[in-house]
Amino acid sequence: MSQLSENTALPNNRSNVVEYSSYDNTYHLRSFLLRKNREPNAFQLVQQEMFSKAAEFVLSLSSLLLLSNRTISQTAHLSFVMSYVYRKAITYSSKGFSINYPRVLISHGNLPTAEKAVTKTSPGCISFSWTNNASPDLTRGFDKAILVVYCEALNKCIHIIGETRRRDEEALLEVPQFHGYEVQTWLSFISADKRNLADSMHTGALFIT
């Protein structure tokens, strides 16, 4: 690992460093950052560590991202999320690189974002609740909820799309496999015709009992 301190400024030139390879369905740092005939410098080593942290998280969500974003190509959306996490949500502390989960967008679009969304736990379950903000466009009440739970310790994601509508204002997701772990949660919406999305909202970290 490269040597950093908590006061080290992370590279701010992170805009065009991620590329997607359709050949092997993986992400890479752009080739100009990693010359095969040269040893990487300290700046490049930092970028590699940041990239690895972002890739581990995003690839665990790949099945969700493909389902929730059918209106655009697989590579376009996965690359967008990967670049977004890499640029906006990677932080550093004495424990190393981590993801600032409240900054992460699981979905991105122009539908109304969830309003007054909260989560709470019961044994093996997470309940989501929100306010129906569909009015005056009543069709928005039929938007389908996207519930997302991610466990960093296991690097696994559970999600449900479409079993609950915006107007229902609550939903329950069973997560017994995350018993004894902390998880991150998000809520979003997709239109009934699956053509439009809302920006996701991070609804907190919870410990599953």
Side-chain angles (χ1 to χ4, degrees), residues 25-27 52-70 74 77-78 80-82 84-86 89-91 93 95-109 111-134 141-192 194 197-209:
N25 296 317
T26 58
Y27 295 96
S52 296
K53 187 67 178 179
E56 179 182 55
F57 170 62
V58 172
L59 292 177
S60 74
L61 304 177
S62 59
S63 62
L64 163 66
L65 298 174
L66 297 180
L67 286 171
S68 64
N69 294 276
R70 294 174 181 174
Q74 168 182 343
H77 188 69
L78 290 179
F80 165 79
V81 177
M82 180 66 189
Y84 187 92
V85 172
Y86 182 84
I90 299 293
T91 59
S93 70
K95 296 181 180 180
F97 287 106
S98 62
I99 295 174
N100 186 334
Y101 291 105
R103 292 184 183 178
V104 172
L105 278 180
I106 299 298
S107 64
H108 174 62
L111 293 183
T113 303
E115 189 171 289
K116 297 180 180 178
V118 295
T119 54
K120 62 181 181 180
T121 61
S122 57
C125 297
I126 297 176
S127 62
F128 292 75
S129 61
W130 61 90
T131 298
N132 177 16
N133 55 346
F142 293 93
D143 292 340
K144 299 176 179 180
I146 302 174
L147 315 177
V148 184
V149 179
Y150 172 72
C151 177
E152 179 177 344
L154 300 177
N155 194 35
K156 289 186 178 180
C157 171
I158 295 175
H159 65 273
I160 291 180
I161 300 176
E163 293 189 5
T164 309
R165 295 168 295 185
R166 187 189 293 265
R167 69 180 189 176
D168 295 329
E169 296 191 327
E170 61 181 2
L172 187 69
L173 183 56
E174 296 184 354
V175 291
Q177 55 272 67
F178 292 157
H179 173 76
Y181 292 99
E182 182 181 74
V183 299
Q184 304 292 328
T185 63
W186 290 266
L187 172 66
S188 187
F189 295 98
I190 187 170
S191 60
K194 302 176 183 177
L197 287 158
D199 281 358
S200 60
M201 173 179 287
H202 182 257
T203 47
L206 302 169
F207 186 81
I208 307 302
T209 58

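Worth saying up front: this structure is predicted, and the values here are computed from it rather than measured.
Checking side-chain atoms of N132 against main-chain N and O of A134 turns up a donor-acceptor pair under 3.5 Å. A donor-acceptor pair is defined here as one N or O able to donate and one able to accept, closer than 3.5 Å; such a pair exists between the side chain of W130 and the backbone of R166. In this structure a side-chain-to-backbone donor-acceptor pair under 3.5 Å is present from N133 to T113. Judged purely by atom type and a 3.5 angstrom limit, N100 has no side-chain atom pairing as donor or acceptor with the backbone of I90.
Of all heavy-atom pairs spanning F178 and V183, the tightest one is CD1-CG1, 3.7 Å. Considering every non-hydrogen atom in both T185 and G204, the closest pair reads OG1-O, 2.8 Å. Closest of all the heavy-atom pairs between F57 and N155 is CA-OD1, 4.3 Å. When all heavy atoms of R103 and T91 are compared, the closest pair comes out as NH1-CG2, 4.5 Å. Summarising the geometry of T203 relative to T119, their closest heavy-atom pair is O-OG1, 2.8 Å, with the distance given to 0.1 Å. When all heavy atoms of L187 and A117 are compared, the closest pair comes out as CD2-CB, 3.7 Å.
Contact of the Y150 side chain with the I158 side chain is not registered, since no non-hydrogen atoms from C-beta on lie closer than 4.5 Å. The side-chain heavy atoms of S191 and L111, taken from C-beta on, include a pair separated by under 4.5 Å. Counting heavy atoms from C-beta on, the side chains of L61 and I106 come closer than 4.5 Å.
Between atom CD1 of residue I160 and atom CD of residue E163 there is a gap of 4.5 Å, rounded to the nearest 0.5 Å. For the atom pair CG of L172 and OG of S122, the computed distance is 6.0 Å after rounding to the nearest 0.5 Å. Between T121 atom OG1 and I126 atom CD1 the span is 7.5 Å, to the nearest 0.5 Å. Summarising the geometry, atom OG belonging to S129 is positioned 9.0 Å from atom CD belonging to E169; distances are rounded to the nearest 0.5 Å. Between atom CG of residue L206 and atom NZ of residue K120 there is a gap of 11.5 Å, rounded to the nearest 0.5 Å. Within the model, atoms CG of L147 and NE2 of H159 stand 10.0 Å from one another, a figure rounded to the nearest 0.5 Å.
For the residue pair S188 / S200, no side-chain donor-acceptor distance below 3.5 Å is found, with atom types taken as modelled. Side-chain polar atoms of Y181 and E152 form no donor-acceptor pair below 3.5 angstrom.
Under the rule for a ring pair (Phe, Tyr, Trp, His ring centres under 6.0 Å), F128 has no partner lying at least two apart in sequence or in another chain.
Heavy atoms from other residues, nucleotides or ligands lying under 6.0 Å from CD of E174 number 12 at most. In the displayed structure, Q177 atom CD is contacted under 6.0 Å by more than 12 heavy atoms of other residues, nucleotides or ligands.
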- Message: Pair K144, F189 - check side-chain contact (heavy atoms from CB on, under 4.5 Å), show working.
- Response: CA-CA 5 Å; K144 299 176 179 180; F189 295 98; over 6 Å; no

- Task: Could you walk me through whether W186 and V149 pass the side-chain contact (heavy atoms from CB on, under 4.5 Å) test, one step at a time?
- Result: CA-CA 7 Å; W186 290 266; V149 179; over 6 Å; no

